[in-house]
Amino acid sequence: MSLNDNRSPLRGCMGRLLYLLRFYAFTVVLFMTAKVVFMFCHRVENVFSFSDVLNVLWHGLTLDLSTSLYLFVLPFLCIVVSFWMRRWNHIRTILKCYYALVAVALSLAFVADTSLYSFWGFKLDASVFQYVDQTGNAFTSVSIGYLFVRLLLILLLSFIIYKVYVWLTPRTLPPSSFTSSSFSARQRGIAWGGYFLGVCAALAAIVIGIRGGLSVSTTNVGQVYFSQQQFLNHSAVNPFFSFLASFGKSTADVPEYRFFSEEECRQHLRGVFFTDGHPTDTLLRTQRPNIILIVMESCGGEFTEIGGRPEVTPNLTRLARESVYFTECYANSWRTDRGLVSILSGWPAFPKTSVMKMPSKVRTLPSLVRSLGRHGYASTFIYGGDIDFTNTRGYLLDTGTQTIISEDDFTAAQRGSSKWGVCDSIAFDRLYEKAPHTAPEGASALVEAAGNDTSQFSVLSSQLANPSGASFITLLTLSSHEPWTVPMPTKFEDEVLNSFYYLDLCLGRFIERLRQSPQWDNTLVIILPDHGIKYQDIDETTPLRSHIPMLWTGGAIKGPRRIDTFCTQSDLAATLLSQLGISHDDYPFSRDIFSPLYVRPFAMHTHSDGFAVIDSTGFHAYDLNSQRVVKGKNDSSVRIGKAILQLTASDLRSR
């Protein structure tokens with residue numbers, strides 16, 4: 001029997017083998033092509049050379065080969081089954097359905113990865129689902145045109161990938177004829193023996209390939225990292241693998257980090273967090289001021305004088321000279337939900353996990369609202385958008401907030417002033433309405449009793465500002481966010497800068513209005529952002545990415561100051577409570593930066609792929625995927641960062 005005979009089992013085997021090789025090769029080439037497209041789509045923000053492209057393709061190849069094997073499994077099983085079947089058409093129909101699913105999945109991964117990277121600065125993974133659980137908010141950051149173009153790209157790319165896969169698939173294949181009576185028993189035995197051994201060998205190769213070899217280490221994102229330039233490392237990562245690898249890790253699970261033994265972890269953190277005791281410096285004229293906390297959406301240091309752009313936020317620049325200005329403050333994380341928990345609960349952020357979305361854990365966290373409430377502070381939270389996004393309402397209620405004002409509490413016309421809800425100018429007006437801006441009750445009697453004795457007036461003022469009358473109001477702004485559309489004439493050609501200029505205008509107007517009110521002297525206004533953003537070439541390996549301004553202003557401060565001590569958002573709770581003479585024992589990971597026990601000043605920032613520690617020795621960035629330092633030195637600072645992740649995760653699991 002010749003090879004050309006349609007009954008030849010060798011001819012049938014070769015046809016099937018060639019099909020599998022074509023399928024696998026095309027999938028690998030598709031992943032490599034997607035890398036090149038990804039890089040050129042981000043060439044404006046990231047500088048790279050032709051040799052960089054080649055390095056990305058070479059170092060990312062192992063991950064592409066492994067990921068392609070995931071998609072290879074079903075075609076391989078179909079081929080295995082086809083040896084038992086007489087009709088190839090049935091198998092081909094199954095494969096065409098599979099191609100359609102694969103084409104859509106790959107197209108979604110490629111387009112989503114390329115599009116989201118501009119906003120988030122990390123590769124596609126399952127954490128995206130933390131922010132798309134409310135459909136309306138999932139697409140608020142972009143325009144209809146933006147979505148339409150990407151939908152067309154997904155459809156077009158899906159069609160092309162599907163057609164190529166179909167084209168690579170044989171229309172007909174000769175049957176195996178292993179059971180045909182035209183073969184002798186010996187021939188059938190040899191054929192089936194070879195078939196069995198071939199299937200076993202192929203399955204072993206597939207498993208080993210998916211696993212990434214026989215070593216202890218398995219296939220992972222970090223294996224493709226090769227450069228000090230994080231963009232090149234990210235470019236080498238296969239987005240489909242990145243998504244699959246993270247998908248099995250629930251975003252609602254408490255993370256687990258194991259860098260050290262428990263004893264080593266305690267050693268590294270000795271003297272780091274415990275900052276009890278009386279502060280060495282007092283900033284306030286009264287211990288019971290009304291407190292207004294303004295959390296500025298995305299207003300990282302790159303849009304202020306910190307990043308050399310005082311003209312973008314001129315009011316903030318002016319206020320810095322009139323206020324207590326914390327010059328070395330850093331954001332704990334890169335998203336609003338993590339930033340709010342750090343600010344209001346004094347809780348450090350995790351790289352991939354949103355604590356705000358864990359109701360069972362949230363109610364166990366410390367809370368500024370709750371701590372101040374024990375001393376008579378009434379609490380209000382104002383946000384002009386959807387308060388249910390990322391479980392914000394649940395977090396606020398679980399931590400004791402009494403009054404919540406969101407977009408539902410504004411008119412339909414006001415809600416239409418911004419894609420995210422109510423624009424900042426309207427939200428600041430509502431804040432002004434809710435803020436105490438009239439003289440305290442009984443002020444005239446107090447003045448009369450004090451006469452011209454200013455010292456007596458100060459004492460009586462402190463008594464009059466009694467706990468039962470104090471308020472703690474938080475405003476979370478929203479206009480300085482994608483798609484960067486704000487209701488004002490264009491000031492800067494760059495729409496991003498323009499939106500932060502608008503936020504600054506709203507802030508400046510509010511402060512000046514409040515300054516004219518009699519209650520100004522008994523008000524503390526705290527201003528700080530929730531996080532910074534990826535802007536131009538500023539990524540997570542750049543200190544400016546997490547460097548944020550924090551200002552304490554209002555008549556309640558003694559006077560303008562510059563505080564150059566390293567701190568983070570999560571240190572606000574202990575520092576503020578200590579200034580108010582209130583215990584902060586409930587906040588194990590918040591530090592009073594004015595305590596004499598604060599002897600290891602540093603700041604820590606986490607992002608999706610790792611963390612950074614900033615202290616007197618410099619900036620140190622650690623990548624969790626590759627498990628190596630990508631900026632700075634692997635010294636005690638990095639070990640402290642690892643220990644903090646390990647300890648805070650362990651503490652949260654125990655709650």
Side-chain angles (χ1 to χ4, degrees), residues 15-39 53-80 82 91-92 94-114 123-126 154 157-170 198-199 201-215 217-226 233-248 625:
R16 289 165 170 79
L17 179 60
L18 288 174
Y19 156 69
L20 290 176
L21 291 175
R22 288 196 298 266
F23 176 92
Y24 184 68
F26 171 70
T27 307
V28 173
V29 170
L30 181 62
F31 284 138
M32 296 176 71
T33 304
K35 285 179 169 58
V36 177
V37 174
F38 174 87
M39 295 183 72
V53 176
L54 295 179
N55 277 322
V56 163
L57 294 177
W58 174 250
H59 287 89
L61 183 59
T62 57
L63 206 51
D64 293 337
L65 293 173
S66 293
T67 308
S68 297
L69 285 174
Y70 281 98
L71 302 178
F72 180 80
V73 170
L74 191 135
F76 172 76
L77 294 177
C78 284
I79 289 299
V80 170
S82 74
I91 298 295
R92 197 168 190 270
I94 294 173
L95 287 172
K96 289 172 73 173
C97 293
Y98 177 66
Y99 297 156
L101 293 175
V102 169
V104 172
L106 293 182
S107 299
L108 281 169
F110 296 152
V111 175
D113 178 55
T114 304
K123 297 295 283 185
L124 180 69
D125 64 23
I154 291 170
L157 189 55
S158 298
F159 178 77
I160 294 172
I161 294 173
Y162 171 78
K163 281 296 187 181
V164 173
Y165 275 133
V166 171
W167 177 70
L168 293 173
T169 306
V199 169
L203 283 174
I206 290 172
V207 171
I208 293 172
I210 289 176
R211 189 182 182 278
L214 297 173
S215 64
S217 176
T218 58
T219 302
N220 62 85
V221 170
Q223 74 185 42
V224 304
Y225 282 30
F226 68 96
N233 294 329
H234 289 165
S235 298
V237 173
N238 185 299
F240 194 66
F241 178 87
S242 178
F243 180 79
L244 290 177
S246 64
F247 193 75
N625 292 323

Grab the two heavy atoms, one from [X] and one from [Y], that are nearest each other, plus how far apart they are.
{"X": "S242", "Y": "V237", "value": "CB-CG1, 4.0 Å"}
{"X": "L63", "Y": "N238", "value": "CD2-N, 3.7 Å"}
{"X": "A103", "Y": "Y162", "value": "CB-N, 3.8 Å"}
{"X": "S66", "Y": "G209", "value": "OG-O, 2.8 Å"}
{"X": "C78", "Y": "I94", "value": "SG-CG2, 4.1 Å"}

Next item on the list: Describe, in one word, how the ring planes of F240 and F31 are oriented to each other, choosing from parallel (under 30°), tilted (30 to 60°) and perpendicular (over 60°).
Entry: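 Answer is parallel, since the angle falls under 30°.
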Item checked: Full working for side-chain contact (heavy atoms from CB on, under 4.5 Å) between L20 and I79 -> CA-CA 8 Å; L20 290 176; I79 289 299; 3.8 Å; yes
Straight-line distance of [X] [atom1] to [Y] [atom2], nearest 0.5 Å:
{"X": "I208", "Y": "L203", "atom1": "CD1", "atom2": "CG", "result": "11.0 Å"}
{"X": "L18", "Y": "L168", "atom1": "CG", "atom2": "CG", "result": "11.5 Å"}
{"X": "L69", "Y": "F76", "atom1": "CG", "atom2": "CZ", "result": "11.0 Å"}
{"X": "L106", "Y": "L101", "atom1": "CG", "atom2": "CG", "result": "10.5 Å"}
{"X": "Y99", "Y": "L74", "atom1": "OH", "atom2": "CG", "result": "9.5 Å"}

Notebook entry, point to check: Which pairs count as salt bridge (charged side-chain N to carboxylate O under 4.0 Å, His left out) when at least one residue sits in residues 65-79, sequence neighbours excluded?
Noted result: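 Residue pairs passing salt bridge (charged side-chain N to carboxylate O under 4.0 Å, His left out), neighbours aside: none found.
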Notebook entry, point to check: Can you find a pair of side-chain heavy atoms, one from L30 and one from I161, that are under 4.5 Å apart?
Noted result: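 They are in contact (side-chain heavy atoms under 4.5 Å apart), so the answer is yes.
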Note to self: Do F23 and T169 have side chains that approach each other closer than 4.5 Å (heavy atoms only, starting at C-beta)?
What the structure shows: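 With C-beta onward as the side chain, the pair stays apart.
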Check: Taking only residues at least two apart or on different chains, which pairs with a member in residues 22-32 satisfy side chain to side chain donor-acceptor pair (under 3.5 Å)?
Finding: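 Listed by first then second residue: T27-Y165.
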Next item on the list: For L57, enumerate each residue passing the side-chain contact (heavy atoms from CB on, under 4.5 Å) test, keeping only those at least two apart in sequence or located in another chain.
Entry: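 For L57, the residues satisfying side-chain contact (heavy atoms from CB on, under 4.5 Å) (neighbours in sequence not counted) are M32, K35, V36, V53.
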